[in-house]
Amino acid sequence: MTPISKLPNLGTTIFTSMSKLAQEHRAINLSQGFPDFSPDKNLLALVTDAIKNDKNPYAPLKGIPKLRETLCKKLNTLYGSQYQAEDNICITAGATQAIFTAISAFVKQDDEVIVFKPAYDCYEPAIELYGGKPVLIEMGAPQYNIDWDEVASRISKKTKMIIINTPHNPSGTVLKKSDLEKLEELTTNTDIIVLSDEVYEHLIFDGKQHQSVARFSNLRERSLITYSFGKTFHVTGWKMGYCVASKNLMKEFLKVHQYNVFCVNHPFQVALNEYLQKEENYLQLPDFYQKKRDFFLRLIKNSKFEFTPCEGTYFQTMSFKNITSEKDTDFAIRLIKEHQLATIPVSVFQKNNNDEHMLRFCFAKKEETLEKAAKIINLL
Ligand code: PMP
Ligand code: GLN
């Protein structure tokens with residue numbers, strides 16, 4: 001039989017396609033965002049301990065209380081919020097599940113959801129699956145600023161949600177305090193929900209401060225925020241994350257979560273809670289990744305690529321307009337096949353696949369990987 005597709009125009013994600021192609025051509029993979037180095041051995045030992053100590057049955061629906069308490073304390077310390085373990089947090093199977101569950105809990109047929117482009121690729125399919133309409137607002141290279149006057153003009157009676165992402169994938173830019181203040185101003189006294197994707201909260205450089213929506217009391221009330229342990233602790237394959245939200249929003253989130261997954265990996269929650277007790281395990285991350293960014297960019301500073309050092313995330317976008325006028329998708333594929341270097345063409349994140357001749361490079365890699373990649377980049 002041929003089923004009627006609910007997402008007829010959707011293919012396989014760019015990350016899967018590029019990583020597959022990279023493997024086939026034995027290319028250095030700076031495409032999909034994952035570290036190629038091992039996580040802290042202490043964290044791995046904590047997982048082994050938790051499994052041996054028989055933390056193997058189901059975890060509670062919202063996650064183990066200790067981990068929820070630890071995370072609320074961390075958020076409240078960092079961002080001045082007042083989240084409580086009982087009412088405001090749920091441990092999820094990565095940020096992807098948290099985002100999907102948040103969208104499915106609130107977006108109905110014909111609801112509009114504002115999405116800023118370029119955007120990470122999991123927002124729009126979830127909106128469309130529930131009959132919602134993504135309202136796309138473009139941010140232009142290289143600054144990727146949000147035009148808040150345009151946002152004001154695109155808000156309508158049907159606007160159910162605004163999705164923001166800071167630090168931003170793929171551009172590597174971060175929102176400023178003034179951006180969040182604008183968002184707060186535009187949404188106060190409305191029923192608009194904010195979904196804030198903050199998976200790169202600790203990957204922020206040059207002394208910048210992460211502007212979480214949790215810092216802004218009026219925003220916090222209308223927001224769900226998603227986080228990822230995969231990104232923070234170099235364990236993307238664990239698929240562990242969490243969502244925090246105001247009590248009323250979390251109540252609806254949990255209604256979906258309980259039938260979406262019921263609960264997530266128990267021993268990993270025990271291990272993550274122990275690991276989070278040492279705050280240096282996350283507070284040293286900006287420095288750790290800034291060194292990687294600077295190392296990579298130093299190696300390629302004389303290449304023909306043009307770039308402004310990213311402000312956050314572990315992605316660097318670069319313009320290749322001095323190298324070729326090819327489409328970014330064609331160039332990215334040719335780079336893999338002819339030069340054994342995999343990247344992500346930024347047009348896949350853009351409205352109408354608008355091609356600004358930019359590629360995204362992931363620098364969450366060992367120095368030797370970055371050195372090998374730089375050799376290729378410098379010869380282009
Ligand atoms: N949001 C953004 C912006 C991402 O880059 C990613 C990829 N890590 C996710 C969400 C999903 O995170 P996770 O791997 O925890 O599902
Ligand atoms: N977030 C990662 C990236 O942007 C990919 C995650 C995935 O493959 N779904 O590269």
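The analysis underlying the following values was restricted to heavy atoms, covering all of them including side chains, and did not include hydrogens, waters or symmetry mates. Predicted, not measured: the structure shown is a model, and the values here were computed from it. Numbering of ligands and ligand atoms starts at 1, following listing order.
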Going by the 4.0 angstrom heavy-atom rule, the piece of H168 near ligand 1 is neither
Cluster check I204, Y144: I/L/V/M/F/W/Y, side chain < 4.5 angstrom: no
Numbered in order shown, the ligand 1 atoms found under 4.0 Å of a heavy atom of K239 are 13 (P), 14 (O), 16 (O)
Same apolar cluster: V135 and I192, side chain cutoff 4.5 Å: yes
Below 4.0 Å, non-hydrogen atoms only: which portion of T96 touches ligand 2? Side chain, backbone, both or neither. neither
Taking only heavy atoms of N169 into account, list the atoms of ligand 1 that are under 4.0 Å away from them. 3 (C), 4 (C), 5 (O)
Please classify the N165 to ligand 1 contact at 4.0 Å (heavy-atom distances, strictly less than): side chain, backbone, both or neither. side chain
Do you know which of F253, Y83, F229 makes ring-ring contact (aromatic ring centres under 6.0 Å, His included) with Y242? F229
Can a non-hydrogen atom of I99 be found less than 4.0 Å from any atom of ligand 1? yes
Using a heavy-atom cut-off of under 4.0 Å, does the side chain or the backbone of K239 touch ligand 2, or both, or neither? neither
Nearest non-hydrogen contact with atom 3 (C) of ligand 2 belongs to which option: F15, Y200, F349? F15
Between ligand 2 and S31, is the shortest N or O to N or O distance under 3.5 Å? no
Is T96 touching ligand 1 with its side chain, its backbone, both, or neither, if touching means heavy atoms under 4.0 Å apart? both
Under a 4.0 angstrom heavy-atom cut-off, which atoms of ligand 1 come close to G94? 15 (O), 16 (O)
T70 and Q277: side-chain hydrogen bond (donor to acceptor under 3.5 Å, both in side chains), yes or no, with the steps? CA-CA 8 Å; T70 300; Q277 302 308 316; 3.2 Å; yes
When you measure from the centre of the six-membered ring of Y314, is the NZ or CZ of K292 closer than 6.0 Å and no more than 45° off the axis? no
For ligand 2, which atoms sit closer than 4.0 Å to a heavy atom of K231? 1 (N), 2 (C)
Atoms in ligand 2 flagged as close to Q32, the criterion being non-hydrogen separation under 4.0 Å: 7 (C), 8 (O), 10 (O)
With the side chain counted from C-beta on, respond yes when L272 and F233 share a heavy-atom pair under 4.5 Å apart, and no when they do not. yes
Which pairs with one or both residues in residues 363-380 pass side-chain hydrogen bond (donor to acceptor under 3.5 Å, both in side chains), sequence neighbours excluded? D36-T369
Under 4.0 Å from ligand 2, counting heavy atoms only, is it the side chain of M18, its backbone, both or neither? neither
Top protein contact for atom 12 (O) of ligand 1, by heavy-atom distance: A95 CB, 3.5 Å
Between F305 and F361, is the ring centroid distance below 6.0 Å? yes
Between F315 and ligand 2, which part of the residue brings a heavy atom under 4.0 Å of the ligand: side chain, backbone, both or neither? side chain
Working note: N169 + T313, criterion side-chain hydrogen bond (donor to acceptor under 3.5 Å, both in side chains); need CA distance, chi angles, decisive distance, verdict. CA-CA 7 Å; N169 180 8; T313 75; over 6 Å; no
Y120 neighbourhood, listing ligand 2 atoms whose heavy-atom distance to it stays under 4.0 Å: 1 (N), 4 (O), 5 (C), 6 (C), 7 (C), 9 (N)
Side chain, backbone, both or neither: which applies to K231 and ligand 1 if a contact is any heavy-atom pair less than 4.0 Å apart? side chain
State if T236 counts as touching ligand 1 under the rule of any non-hydrogen atom under 4.0 Å. no
With heavy atoms under 4.0 Å as the rule, classify the contact between Y200 and ligand 1 as side chain, backbone, both or neither. side chain
Strictly distance-based, threshold 3.5 Å: is any side-chain N or O of N281 a donor or acceptor partner for the main-chain N or O of Y275? yes
For the CD atom on Q284, are there more than 12 heavy atoms of other groups (residues, nucleotides or ligands in this structure) within a distance under 6.0 Å? yes
Please state which protein non-hydrogen atom is closest to atom 3 (C) of ligand 1 and give its distance, to 0.1 Å? D197 OD2, 3.3 Å
Determine, using heavy atoms of N169 and all atoms of ligand 2, whether some pair is separated by less than 4.0 Å. yes
Within the 4.5 Å heavy-atom criterion, are D121 and V348 side-chain neighbours or not? no
Quick one: look up the protein heavy atom nearest atom 9 (C) of ligand 1 and list residue, atom name and how far away it is. Y120 CE2, 3.5 Å
Would you say the side-chain atoms of R68 pair up with the backbone N or O of N88, donor to acceptor, closer than 3.5 Å? no
Salt bridge (Lys or Arg N to Asp or Glu O under 4.0 Å), that's the test. Do D287 and K291 meet it? Break it down for me. CA-CA 6 Å; D287 192 41; K291 284 198 176 110; 3.1 Å; yes
